[in-house]
Amino acid sequence: MTLLPRPGLSAIVTVAAAALLSVSMPPNAPAFAPDIHGSILRAALPPATADGGVDEPALAEITGSLLTGTGNEGSDLFQGDAFRHFDNAARPADVCDRARDAWNFFVPAVIAGAQPAGPPEFRTTANGFGARSAFGGLTHALADFYSHSNWAELAVAANRAPGLAPLFPTCDPAALPAGLHTGFFELTAANGLDGCPSGPPPAGSSVPPSEGPPAPPAPFEECHLTLNKDDPGTLRGREPVPGYPGTTYHQLAVQLAVEHTTALYREVRGLVAGSVPGGVDGECVTDNLFRASRFAPCAVPNTTSVIPERVSGQPVGIAPSPPA
């Protein structure tokens, strides 16, 4: 759930704005929002105590940092990359464009960085840090889809469970609901930090034109301002979900993000395990990747049988025949 201003800010301006907000804004400002992305990862990824789990050093690198631009949280430093946040998708085809761009950007880095290194034992990876950071970036994009789109709202309106969106590894617009979209955001002087144009105020209102109701340009139906469920206090995030007693749209988006992140983790593990060359145990390499403190040897033991030597035409272990 992206908590900083949407596209258009440079890395320096984004960090500076975050620092300024932390000083000058009231306690309920976005800069003080909880570490939602980090909590999603911790809930979704199995601990190292379980088979195929993630240890704390690996989780820290997957989570990353806004200041370094790495991992999941580092994606907020790249506000201009729509694929990192599923921004400005007016129709299902646009949603699939974002999904395809995210997959093609992050997954090759995961696979390349996870390749076994250090023969003959292959205890290390080519770039484990880079692979874990790239996986974190992919999980950020996935979580933002559920927060920034109307996927959950469409399911609730149709009286069905939202389920997980068919986004990765391939995305077909025909497999998505016809009305699926994400919110419009464009950071300009006229739109302000909300990134949403204002329509004319109601007739006779004393509201300034700049503070009129949100008016996204065609073909967008909603602005990010009114659609996002990034935080428990956003306009849509705080709305109760019909048919889900005690649940807000923010909570539902987090739940879907957790479930899908778990499924994505299993899928990526399978891709990594299947990508290693012969003579190396793919599952071992994957365990080393997601357990950053683990350096187990992943070379497959040589099981080639050795043909016994023969002495004087007789098999080893059998006494030669006495001379005639």
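These numbers come from a predicted model, not from an experiment.
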Item to check | CA sep, side-chain torsions, deciding dist, call: N288, T124, side chain to side chain contact (heavy atoms under 4.5 Å, CB included) | outcome: CA-CA 7 Å; N288 281 355; T124 61; over 6 Å; no
Next on the checklist: Please determine whether side chain to side chain contact (heavy atoms under 4.5 Å, CB included) holds for the pair I36 and H250, giving the CA-CA distance in whole Å, both sets of side-chain angles, and the decisive distance to 0.1 Å.
Outcome noted: CA-CA 11 Å; I36 297 169; H250 167 74; 3.7 Å; yes
Item to check | Chi angles and distances behind the salt bridge (Lys or Arg N to Asp or Glu O under 4.0 Å) call for R236, E153 | outcome: CA-CA 10 Å; R236 185 65 55 81; E153 291 91 323; 2.7 Å; yes
Checklist entry - Between S133 and E61, is a side chain to side chain donor-acceptor pair (under 3.5 Å) present by the stated rule, with each step listed? => result CA-CA 6 Å; S133 178; E61 293 178 359; over 6 Å; no
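The main-chain N or O of G179 is found under 3.5 Å from a side-chain atom of H181 such that the two form a donor-acceptor pair. Of the possible polar contacts, one joining the T234 side chain to the N228 backbone as a donor-acceptor pair under 3.5 Å is found. Using a distance-only test at 3.5 Å, with no hydrogens or angles considered, a donor-acceptor pair links the side chain of D55 to the main chain of A292. Looking only at distances, a side-chain donor or acceptor of T63 sits under 3.5 Å from a matching main-chain atom of L59. R98 places a side-chain N or O within 3.5 Å of a backbone atom of N88 that can act as its donor or acceptor partner. In terms of modelled atom types and a separation under 3.5 Å, the side chain of D81 and the main chain of F83 share no donor-acceptor contact. Listed for the T182 side chain is a donor-acceptor partner under 3.5 Å among the backbone atoms of A89.
Note that CG of L176 and CG of L167 are 6.5 Å apart. Values are rounded to the nearest 0.5 Å. For the atom pair CZ (R132) and CG (L289), the distance works out to 5.5 Å, reported to the nearest 0.5 Å. Interatomic distance, OH of Y249 versus CG of N150, reported as 9.5 Å (0.5 Å rounding).
Residue pairs meeting the salt bridge (Lys or Arg N to Asp or Glu O under 4.0 Å) criterion with at least one partner in residues 284-295, sequence neighbours excluded, are R269-D287.
Taking the six-membered ring where tryptophan is involved, the planes of W151 and Y146 are perpendicular, since the angle between them exceeds 60° and thus also 30°. The aromatic rings of Y265 and F290 lie perpendicular to each other, with more than 60° between the two planes, well past the 30° mark.
The hydrophobic cluster containing F220 does not contain L227, counting ILVMFWY residues as joined when their side-chain heavy atoms lie under 4.5 angstrom apart, directly or transitively. In this structure, L187 is not a member of the same hydrophobic cluster as F184, with clusters built from ILVMFWY side-chain heavy atoms closer than 4.5 Å.
Residues R100 and D97 are paired through a salt bridge, judged by an N-O separation under 4.0 Å between the basic side chain and the carboxylate. The pair E221-R91 does not count as a salt bridge, with every side-chain nitrogen at least 4.0 angstrom from each carboxylate oxygen.
Partner of S75 under the side-chain hydrogen bond (donor to acceptor under 3.5 Å, both in side chains) criterion, chosen from H140, H85, R84: R84. Screening T139, N72, D230 for a side-chain hydrogen bond (donor to acceptor under 3.5 Å, both in side chains) with H37, the sole residue that qualifies is N72.
Shown here are the side-chain contact (heavy atoms from CB on, under 4.5 Å) partners of T247, two or more places apart in sequence or in another chain: V241, Y244, Q251, L252.
At least one side-chain heavy atom of K229 sits under 4.5 Å from a side-chain heavy atom of S147.
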